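Labels below follow one simple rule: chain letters A, B, ... track the order of the sequence lines, proteins then strands, and each chain is numbered from 1. What you are looking at is a predicted structure, and each value in this text was computed from that prediction instead of being measured. What's counted below: heavy atoms across the whole structure, side chains too, no hydrogens, waters or symmetry copies.
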Amino acid sequence: MAKLAKLDDIVSLCKRRGFIFQSSEIYGGLASCYDYGPLGVELKRNVREAWWKDVVRMRDDVVGLDCSILMHPLVWKSSGHADKFADLVTVCKKCNTRTRVDHLEDHADEHTEHVPVETALVDAADLDKKVCPNCKTVGKFSEPMAFKLMFETQMGANADDTMTLFLRPETAQGIFANFRNVMDSTRVKIPFGIAQIGKSFRNEVTTKAFIFRTREFEQAELEFFCKPGTDEEWYEHWKQRRFQWYIDHGIKAENLRFRDHDPDELAHYAKACVDVEYKFPFGSGDWQELEGIANRTDFDLRQHQRGMRTINDWHEAGGDLQKITLKDEDPEYFKGPLSYFDEQAKERYIPYVIEPSAGIDRSTLAFLVDAYDEEEVDGKTRNVLRFHPTIAPVKAAVFPLVKKHGMPEFATKIANDLKSSFSCFYDQKGAIGRRYRRQDEAGTPYCITVDGDSMEDNTVTLRERDSMEQTRVSADQLKSLLIEKLGL
RNA sequence: GCGGGUGUAGCUCAGCGGUAGAGCGUCACGUUGCCAACGUGAAUGUCGUGAGUUCGAAUCUCAUCACCCGCUCCA
């Protein structure tokens, strides 16, 4: 049982079988962007739907949402992204190590917090006194470089009259911005959650490792609103729930773990945060984050209440985010527009939020890597993707043993019948063994073969991907049998 | 952004100044009839891109793009 050792092998497999291609490849590629091919799009769609089923559809306390990617600029002022998501970075000329200006020694206390640009600029003015954390050299720094972590775009066709907008760096803020809409329209009662899957964009300083860290990526996020005081138990609930989801969909337990954030690593608003990590075969075989589960407290909703109070200032400043500061909170903020009235306790409060935030692309890669296997069969290597049936891009393939004697017609009929229930592939070309192996490499759990006897007794051969075992089953019972075996 | 490495057929790679190759895969026909079968035949290359050196560049030089590894960075 060999396992993929190098990322190159994964990239190669993905391209060869049509899972993932580099974006714009015919033009030499575009950094950090990837496309999902015919098998990849099915796989990714299944991952997405498995998440949605578990987090939304099977629960009574979570509803879905699909926000626009472009949102009002004040959303990002309130969330903190607009002025805190820009870091100044400098390079030590002595050892060539790059460090964030606010990470330089003497200022290392709050090293997970992004500092407003203005503050960073002031700090940057006297880099002469700073010490390189790597080589301890003093004051040999390059001119600080600013990184804009949000993508900008222009809204408005008239070039003279456009508004600068940001592509969202996370889907979560769209949920907070719709908190009241959802409450007003769905009769949900706390505790409840709002879930969303969608694209986000971040100008990461460096991208990494195939589709693991890309600048355009897809997130599956849940904001689960609960009463302050119950937040810790809900945090624990989602922590366990989300970990189990990966196991239930085929990830081997030994490749999965939790990593709690240290208190000094936490964002200033987070009370607790844990990562679900997968042992990817790249880097130095390192554990890498698939999902973060955070207790965000009441920070976000309170921030947006401040943002709502700032809207007039924004208009007066001509829409320039740099010229405005968020208004202070009302002393009675807990009675504000984004508060919740608890009918039973007869009290009003800003709910706490537990946020499981998963990377769809990352999980898709993890499912792909984890499913990959090679085994020796009669001295030859069999490549097989042992996908859990739920996420397998194709559930079943139907073959006529040979393409004559009415077998293709019989097999086509079966395939068409199965297609109405799940993804099914028909293939009549080439040797039967080759067709089996091709499906193994695509991760198809079952193959059905029609032979000479099928027309006589209405039975077909059902072949299992993992064991390669074959059983004879009645064509009439095939569909219900497969639905049962696939767990659909 | 720094350092190292790599870009040649769909994939893996050879070729390293003188006509662009192999294996696998793909396709067609025939045969076969349950695990990458056999035979015959076929298609497929801006040698990442652009300049330069040269009589001549996949090969040498420079630039550039992309990917990988390591720093760095990373709600």
Student: Give a yes or no on whether the backbone of E277(A) and the side-chain of D275(A) come within a donor-acceptor separation of less than 3.5 Å.
Tutor: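 Judged by distance alone, no pair lies under 3.5 Å.
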
Student: If the condition is side-chain hydrogen bond (donor to acceptor under 3.5 Å, both in side chains), which residues does Q428(A) pass it with, not counting sequence neighbours?
Tutor: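 Result, side-chain hydrogen bond (donor to acceptor under 3.5 Å, both in side chains) vs Q428(A): Y426(A).
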
Student: Mind calculating the distance between CZ (F399(A)) and P (U32(B)) to the nearest angstrom?
Tutor: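 It works out to 21 Å between those atoms.
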
Student: If the threshold is 4.0 Å, N to carboxylate O, is there a salt bridge linking E289(A) and R259(A)?
Tutor: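 Looking at E289(A) and R259(A), the cut-off is not met.
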
Student: Test for a donor-acceptor pair under 3.5 Å between the base of C67(B) and the side chain of D8(A), counting only N and O atoms.
Tutor: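 Between C67(B) and D8(A), which were checked side chain against base, a qualifying N/O pair under 3.5 Å is absent.
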
Student: What's the CG-C1' distance between D440(A) and A36(B), to the nearest Å?
Tutor: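 My rounded result for the distance is 10 Å.
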
Student: Contact class for S200(A) vs. all strands (heavy atom < 4.0 Å): base, sugar-phosphate, or nothing?
Tutor: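 Counting heavy atoms under 4.0 Å across all strands, no contact is made by S200(A).
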
Student: Regarding L401(A), tell me which of base, sugar-phosphate or nothing describes its non-hydrogen contacts under 4.0 Å with the strands shown.
Tutor: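 Base: the residue L401(A), judged by heavy atoms under 4.0 Å, touches a nucleobase.
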
Student: Between H261(A) and V377(A), name the one whose nearest nucleotide on RNA chain B is closer to the 5' end.
Tutor: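 With H261(A) and V377(A) compared, the 5'-side residue is V377(A).
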
Student: So which nucleotide does U54(B) pair with, by the Watson-Crick or G-U wobble rule with both distances under 3.5 Å?
Tutor: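 Its partner: none found.
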
Student: Using the side-chain heavy atoms of Q22(A), tell me which of these nucleotides is nearest: C35(B), C68(B), C67(B).
Tutor: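 Within the option list, the nearest is C67(B).
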
Student: Which nucleotide sits closest to the side chain of K15(A): C35(B), G10(B), A66(B)?
Tutor: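 So the side chain of K15(A) is nearest to G10(B).
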
Student: Do side-chain atoms of Q196(A) reach the backbone of C67(A) as a donor and acceptor pair under 3.5 angstrom?
Tutor: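 Here the side-chain-to-backbone pair exists.
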
Student: Whole Å only: how far is the CG atom of L365(A) from the P atom of C68(B)?
Tutor: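 So the two atoms are 11 Å apart, to the nearest Å.
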
Student: Paired with C2(B) by Watson-Crick or G-U wobble geometry, both distances under 3.5 Å: which nucleotide is it?
Tutor: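 Partner of C2(B): G70(B).
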
Student: Using the P atom as the point on both nucleotides, what is the distance between A42(B) and A36(B), in whole Å?
Tutor: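 Approximately 26 Å lies between the P atom of A36(B) and that of A42(B).
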
Student: Say you pick atom P in A9(B) and the same atom in A20(B); how far apart are they, in whole Å?
Tutor: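 Rounded to whole Å, the distance is 15 Å.
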
Student: Going by the rule side-chain hydrogen bond (donor to acceptor under 3.5 Å, both in side chains), which residues pair with N458(A) if we only count those two or more places apart in sequence or in a different chain?
Tutor: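 With sequence neighbours excluded, N458(A) shows a side-chain hydrogen bond (donor to acceptor under 3.5 Å, both in side chains) to D476(A), given in chain and number order.
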
Student: Give me the distance, rounded to whole Å, that separates U6(B) from C16(B) when you measure between the C1' atoms they each carry.
Tutor: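 After rounding to an integer number of Å, I get 15 Å for this pair.
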
Student: Is K77(A) reaching over with its side chain to a backbone N or O of L326(A), donor-acceptor style, under 3.5 angstrom?
Tutor: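 Side chain of K77(A) to backbone of L326(A): no pair is present.
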
Student: What is the distance from CZ of R16(A) to P of A9(B), rounded to the nearest Å?
Tutor: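 It is 15 Å, rounded to the nearest whole Å.
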
Student: Please enumerate all residues that pass side-chain hydrogen bond (donor to acceptor under 3.5 Å, both in side chains) together with T297(A), with sequence neighbours excluded.
Tutor: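 T297(A) satisfies side-chain hydrogen bond (donor to acceptor under 3.5 Å, both in side chains) with no other residue.
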
Student: Take the protein atom CZ of R437(A) and the nucleotide atom P of A36(B), then report the distance between them rounded to whole Å.
Tutor: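 Result: 5 Å.
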
Student: Which is true for N383(A) with a 4.0 Å heavy-atom rule: it touches a base, it touches only sugar-phosphate, or it touches nothing?
Tutor: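 Counting heavy atoms under 4.0 Å across all strands, the contact made by N383(A) includes a base.
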
Student: In whole Å, measure the gap between the P atoms of C13(B) and C73(B) for me.
Tutor: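 Nearest-Å result for C13(B) against C73(B) at atom P: 33 Å.
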
Student: Find the partner of U32(B): check Watson-Crick (N1-N3 plus N6-O4 or O6-N4) and G-U wobble (N1-O2, O6-N3) distances, both under 3.5 Å, and reply none if neither fits.
Tutor: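 Its partner is none (no Watson-Crick or G-U wobble pair with both distances under 3.5 Å).
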
Student: Looking at Q470(A), does any N or O in its side chain come under 4.0 Å of the phosphate oxygens OP1/OP2 on C35(B)?
Tutor: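 Negative; the distance criterion is not met.
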
Student: Once you apply the 3.5 Å cut-off to both distances, tell me the Watson-Crick or G-U wobble partner of A22(B), or none.
Tutor: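 Looking at the geometry, A22(B) pairs with U12(B).
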
Student: Mind checking the P distance from U19(B) to A63(B)? Whole angstroms is fine.
Tutor: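 Looking at atom P only, U19(B) and A63(B) are 29 Å apart.
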
Student: Strictly under 3.5 Å: I want the nitrogen or oxygen pairs between protein and nucleotides 23-31 of chain B, one per line.
Tutor:
{"from": "G25(B)", "atom 1": "OP1", "to": "R434(A)", "atom 2": "NH1", "distance (Å)": "3.1"}
{"from": "U26(B)", "atom 1": "OP1", "to": "R438(A)", "atom 2": "NH1", "distance (Å)": "2.3"}
{"from": "U26(B)", "atom 1": "OP2", "to": "R434(A)", "atom 2": "NH1", "distance (Å)": "3.3"}

Student: Quick check against the 3.5 Å criterion: does R465(A) have a side-chain atom that pairs as donor or acceptor with the backbone of F387(A)?
Tutor: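 At least one qualifying donor-acceptor pair exists.
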
Student: Looking at C35(B), C73(B), C34(B), which one has an atom nearest to any side-chain atom of D451(A)?
Tutor: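 From the listed options, C34(B) comes nearest.
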
Student: Could you tell me whether E152(A) atom CD has more than 12 heavy atoms of other residues or ligands within 6.0 Å of it?
Tutor: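 Yes, because the 6.0 Å sphere around CD of E152(A) holds more than 12 heavy atoms from other groups.
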
Student: Please check if the distance between the ring centroids of F280(A) and Y278(A) is under 6.0 Å.
Tutor: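 Distance test on ring centres: under 6.0 Å, yes.
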
Student: When the ring centroid of W76(A) is compared with that of F151(A), is the distance short of 6.0 Å?
Tutor: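 Here the rings of F151(A) and W76(A) have centres that are no less than 6.0 Å from each other.
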
Student: Starting from C1' on C73(B), measure out to CD on Q288(A) and report it in whole angstrom.
Tutor: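 Going from Q288(A) (CD) to C73(B) (C1'), I get 13 Å.
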
Student: May I ask which nucleotide in the shown strands pairs with U49(B), Watson-Crick or G-U wobble, both distances under 3.5 Å?
Tutor: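 Partner of U49(B): A63(B).
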
Student: Which residue lies toward the 5' end of RNA chain B, R362(A) or E25(A), if each is placed at its nearest nucleotide?
Tutor: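 The residue whose closest nucleotide sits nearer the 5' end is E25(A).
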
Student: Which one, C73(B), C68(B), A37(B), comes nearest to the side chain of A431(A)?
Tutor: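 That would be A37(B).
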
Student: Taking the P atom of each, how far is G52(B) from A57(B), in whole Å?
Tutor: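 Straight-line distance between the two P atoms is 11 Å.
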
Student: If you measure from the P atom in C27(B) to the same atom in G18(B), how many Å do you get, rounded?
Tutor: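 To the nearest whole Å, 36 Å.
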
Student: Heavy atoms under 4.0 Å, any strand shown: does A31(A) hit a base, just sugar-phosphate, or nothing?
Tutor: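 Touches sugar-phosphate only.
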
Student: With both distances under 3.5 Å as the test, what is the Watson-Crick or G-U wobble partner of G41(B)?
Tutor: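 Base partner found: C27(B).
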
Student: Between G39(B) and G23(B), how far apart are the two P atoms, rounded to whole Å?
Tutor: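 About 13 Å, rounded to a whole number of Å.
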
Student: Under 4.0 Å between any heavy atoms, over every strand shown, what does F212(A) touch: base, sugar-phosphate, or nothing? Just pick one.
Tutor: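 Nothing, no nucleic acid heavy atom in range.
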
Student: Roughly how far, to the nearest 0.5 Å, is CZ of R463(A) from CD of Q439(A)?
Tutor: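 One gets 9.0 Å once the value is rounded to the nearest 0.5 Å.
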
Student: Quick check with a 6.0 Å cut-off and a 45 degree axis cone: is R242(A) positioned over the face of W245(A)'s six-membered ring?
Tutor: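 Ring-cation test returns yes.
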
Student: What is the distance from CD1 of I10(A) to C1' of U12(B), rounded to the nearest Å?
Tutor: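 Interatomic distance, CD1 of I10(A) to C1' of U12(B): 16 Å.
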
Student: Between Q219(A) and S200(A), do the side chains contain a donor N or O and an acceptor N or O under 3.5 Å apart?
Tutor: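 Indeed, the side chains of S200(A) and Q219(A) share at least one donor-acceptor pair under 3.5 Å.
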
Student: Polar atom pairs between nucleotides 43-50 of chain B and protein, under 3.5 Å, N or O only, would you list them?
Tutor:
none

Student: Is the closest side-chain donor-acceptor distance between T459(A) and R472(A) under 3.5 Å?
Tutor: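 Result is yes, a qualifying pair exists.
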
Student: Measure the distance from CZ on F19(A) to C1' on G10(B) and round it to the nearest whole Å.
Tutor: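 About 16 Å, once rounded to whole Å.
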
Student: Under a 4.0 Å heavy-atom cut-off, which of residues 457-464 of chain A touch RNA chain B?
Tutor: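 Here the set is T461(A), R463(A).
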
Student: Using a cut-off of less than 4.0 Å, is there contact between a side-chain N or O of T381(A) and OP1 or OP2 of A36(B)?
Tutor: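 Answer no for this pair, as no side-chain N or O of T381(A) is under 4.0 Å from OP1 or OP2.
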
Student: Tell which nucleotide pairs with G17(B), taking only Watson-Crick or G-U wobble pairs whose two distances are both under 3.5 angstrom.
Tutor: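 G17(B) is unpaired by these criteria.
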
